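On a predicted model such as this, the values are computed, not experimentally measured, just so you know.
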Amino acid sequence: MGRVDLATIGEYVGQSVTFGGWLTRKRSSGKIQFLQIRDGLGFIQGVLVKSEVEESVWEKAGQLTQESSFYVTGVVREEPRSPSGYELNVTGIDMIQIAKDYPITPKEHGVDFLMDHRHLWLRAPRQRAILRIRAVIISAIQGFFDERGFTLVDPPVLTPSSCEGTTNLFHTKYFDEDAYLTQSGQLYMEAAAMALGKVYSFGPTFRAEKSKTRRHLIEFWMIEPEMAFVDHEENLNVQERFISHVVGQVLEKCRAELAVLERDVAALERVMPPFPRITYDEALDLLKEVGMELPWGEDFGAPHETAIAGKFDRPVFITHYPASFKAFYMKPDPHRPEVVLCADMIAPEGYGEIIGGSQRIDDPELLAERFAEHELTEEAYGWYMDLRKYGSVPHSGFGLGLERAVAWICGLDHVRETIAFPRTLYRLYP
């Protein structure tokens, strides 16, 4: 039999198998050694009884240190007390490398130390569980859109201007021209939607904000669908079905990983449509009731979003924000033009906004007015105006910040654990 892996170890009960792995930890009772082994796909305990193995095998097991690599041979048996449901009666060990002085030991380490050793910290069961859940979330996102007729389109990373007219951009030179790392692919996705009807992008974005909060990364991944002939209300319906699908896939495929994280799955099981919807005005009233009064026209901060979300048991939409602090492309409410047809989806449990979306302005004259108000130049945004000149239609879209969604679904305290190598305000290494 060739080498197997721990993801399929249950198929080999009663058989002798060989696989490559690393030692997580070990303990000994004198006549028995217990090896905790991982291979990247799973974990298993290897058991050696001194009287039942060759002396050389017993000695090799004794030489193993944390994160030493080796090939191990043994007979698979069922073990209900094991988290994996199986154990390995070890019969052979073939050394690859003995690791010396592995820096991350079972003792407590500070966050800075762990982030400096992020390339090794990824091996910890908790970090592996997070990255596994992240991968399932990504697969669920792509499956949701692919199965519903959306086309994946890749917007550029280098752009000549800001998406939302902000200055929080990373500047670079594009030969003799100024260029910026993208903060959103949305405007390009609007162009793609006019060609393909329903599209989505999935790629890295960058914000040069000097923010140190637990919700912010400098480099993060965005999922940005855009849909032609879709209004504000239908846009919200797509969003709640989308999030419910993603959470459902995690619950179906990642129960073991959620258990490692000690995540309260009951909170996730409540994520089912319909999601509650309140207007900006109603949100202000709710905040007033809890002693957090804000004047009309002021945006919400993290404490306000947390207070609002605390009134609901699943994500909540806050709709119809004032146009004054929202992006230039958002369509005003025809019945109340001082607010726009937009919504932020606020996650429960204090995780804040995970989706922002809106119906886009489709009237070329109104968009021209917005250009003037926001001092956007024809030189930089003329192509975007063309979308309204040549066959303009009602259309809507939204953006999901992947890392915030992962943090919420996993129940993490900080987004820095949601991506393999996070880029934060003071961290560009490793």
Exercise for review: For the residue pair Glu224 and Gln186, confirm or rule out a side-chain donor-acceptor distance under 3.5 Å.
Suggested key: no

Review point. Sequence neighbours excluded, which residues qualify as ring pair (Phe, Tyr, Trp, His ring centres under 6.0 Å) partners of His335?
Key: none

Point to revise | Check: Asp39 side chain, Gly42 main-chain N or O, donor-acceptor pair, under 3.5 Å | key: yes

Point to revise | Heavy atoms from other residues, nucleotides or ligands near CE of Met95 exceed 12 (cutoff 6.0 Å) | key: yes

Point to revise | Evaluation steps, ring-ring contact (aromatic ring centres under 6.0 Å, His included), between Trp383 and Tyr188 | key: CA-CA 10 Å; Trp383 69 271; Tyr188 295 97; 4.8 Å; yes

Revision key, fill the gap. Ring pair (Phe, Tyr, Trp, His ring centres under 6.0 Å) pairs touching residues 250-271, sequence neighbours excluded, are none

Exercise for review: Mind checking side chain to side chain donor-acceptor pair (under 3.5 Å) for Lys100 and listing every partner two or more places apart, or none if nothing turns up?
Suggested key: none

Exercise for review: Determine, for Glu417 against Arg126, whether the closest basic-nitrogen to carboxylate-oxygen distance falls under 4.0 angstrom.
Suggested key: yes

Point to revise | Carboxylate-amine/guanidinium contact Asp363 Arg388, below 4.0 Å | key: no

Exercise for review: With sequence neighbours left out, write down each residue that passes side chain to side chain donor-acceptor pair (under 3.5 Å) with Thr8, or none if nothing qualifies.
Suggested key: Asp5

Check your understanding: Which ring pair (Phe, Tyr, Trp, His ring centres under 6.0 Å) pairs, counting each pair once, include a residue from residues 200-227, with sequence neighbours left out?
Key -> Phe145-Tyr200

Review point. Are Glu240 and Arg314 close enough for a salt bridge, meaning some N to O gap below 4.0 Å?
Key: no

Check your understanding: For the side chain of Ser392 and the backbone of Asp362, is there at least one donor-acceptor N/O pair under 3.5 Å apart?
Key -> yes

Check your understanding: Quick one: do Arg336 and Asp281 make a salt bridge, cutoff under 4.0 Å?
Key -> yes

Check your understanding: Okay, side chain of Arg207, backbone of Gln183: is any donor-acceptor separation there less than 3.5 Å?
Key -> yes

Point to revise | CZ/Phe113: more than 12 non-hydrogen atoms of other groups inside 6.0 Å | key: yes

Check your understanding: Taking the six-membered ring of Tyr351, is NZ or CZ of Arg214 closer than 6.0 Å to its centre and within 45° of its axis?
Key -> yes

Point to revise | Phe229, CZ: over 12 other non-hydrogen atoms inside 6.0 angstrom | key: no

Revision key, fill the gap. To the nearest 0.5 Å, atom CD1 of Ile141 lies from atom CG of Leu400 at 5.5 Å

Check your understanding: Heavy atoms, side chains only, cut-off 4.5 Å: are Leu35 and Leu64 in contact?
Key -> yes

Review point. Is a side-chain N or O of Arg215 found less than 3.5 angstrom from the main chain of Val415, in a donor-acceptor match?
Key: no

Check your understanding: Just checking, is any N or O donor in the side chain of Thr73 or Thr18 under 3.5 Å from an acceptor N or O on the other one?
Key -> yes

Review point. Any donor and acceptor pair, going by atom type alone, linking the side chain of Tyr174 with main-chain N or O of Pro160 inside 3.5 Å?
Key: no

Practice item. Report the residues that fulfil side chain to side chain contact (heavy atoms under 4.5 Å, CB included) with Arg255, sequence neighbours left out, ordered by chain and then residue number. Key: Leu251, Val265, Glu269

Practice item. Examine distances only and state if a side-chain atom of Lys331 and a backbone atom of Ser396 form a donor-acceptor pair shorter than 3.5 Å. Key: no

Practice item. Is it possible for you to check whether Arg3 lies under 6.0 Å from the centre of the six-membered ring of Tyr71, through NZ or CZ, and within 45° of that ring's axis? Key: yes

Check your understanding: Looking only at atom types and distance, does a side-chain atom of Glu282 sit under 3.5 Å from a main-chain N or O of Thr279, one as donor and one as acceptor?
Key -> yes

Practice item. With sequence neighbours excluded, tell me which residues meet side chain to side chain contact (heavy atoms under 4.5 Å, CB included) with Lys253. Key: Val136, Gln249

Exercise for review: Please answer whether the main-chain N or O of Ile104 pairs with a side-chain N or O of Gln66 as donor and acceptor at a distance below 3.5 Å.
Suggested key: yes

Practice item. Indicate, with yes or no, if the rings of Tyr86 and Tyr12 have centres closer together than 6.0 Å. Key: no

**Study point:** Test item: Arg128 and Glu257 side chains (from C-beta on) under 4.5 Å apart, heavy atoms
**Key:** yes

Check your understanding: Can any side-chain N or O of Asp333 pair as donor or acceptor with the backbone N or O of Val340 at less than 3.5 Å?
Key -> no

Point to revise | Arg263 with Glu349: basic N within carboxylate O range, under 4.0 Å | key: yes

Practice item. Could you pull out all residues at least two apart from His304 that satisfy ring pair (Phe, Tyr, Trp, His ring centres under 6.0 Å)? Key: none

Study note, to complete from the structure: The side chain to side chain contact (heavy atoms under 4.5 Å, CB included) partners of Ser139 (sequence neighbours excluded) come to none

Point to revise | Partner set under ring pair (Phe, Tyr, Trp, His ring centres under 6.0 Å) for His414, not counting sequence neighbours | key: none

**Study point:** For Phe34, all residues meeting ring pair (Phe, Tyr, Trp, His ring centres under 6.0 Å), sequence neighbours excluded
**Key:** none

Check your understanding: Is Arg134 close to Leu402 at the side-chain level, that is, under 4.5 Å between some pair of heavy atoms?
Key -> yes

Review point. Under 6.0 Å between the ring centres of His245 and Phe144?
Key: yes

Practice item. Tell me, yes or no, whether the heavy-atom count around Lys212 atom NZ, taken from other residues, nucleotides or ligands under 6.0 Å, exceeds 12. Key: no

Point to revise | Distance (rounded to the nearest 0.5 Å) between Leu258 CG and Ile133 CD1 | key: 4.5 Å

Check your understanding: Can any side-chain N or O of Ser68 pair as donor or acceptor with the backbone N or O of Ala99 at less than 3.5 Å?
Key -> yes

Exercise for review: Take the angle between the ring planes of Tyr280 and Tyr321 and call it parallel below 30°, perpendicular above 60°, tilted in between.
Suggested key: tilted

Check your understanding: Taking atom CZ of Phe371 and atom CG of Leu366, what is their separation to the nearest 0.5 Å?
Key -> 11.0 Å

Listing, residues 423-430 side-chain donor-acceptor contacts under 3.5 Å, not counting sequence neighbours, or none:
from   : atom 1 : to     : atom 2 : distance (Å)
Arg423 : NH1    : Pro430 : O      : 3.1
Arg423 : NH2    : Pro430 : O      : 3.0
Arg427 : NH1    : Asp116 : OD1    : 2.9
Arg427 : NH1    : Tyr429 : O      : 3.0
Arg427 : NH2    : Asp116 : OD1    : 3.2

Check your understanding: Can you find a side-chain donor-acceptor pair between His171 and Asp178 that sits under 3.5 Å?
Key -> yes

Check your understanding: Is the closest basic N to carboxylate O distance between Arg360 and Glu226 below 4.0 Å?
Key -> yes

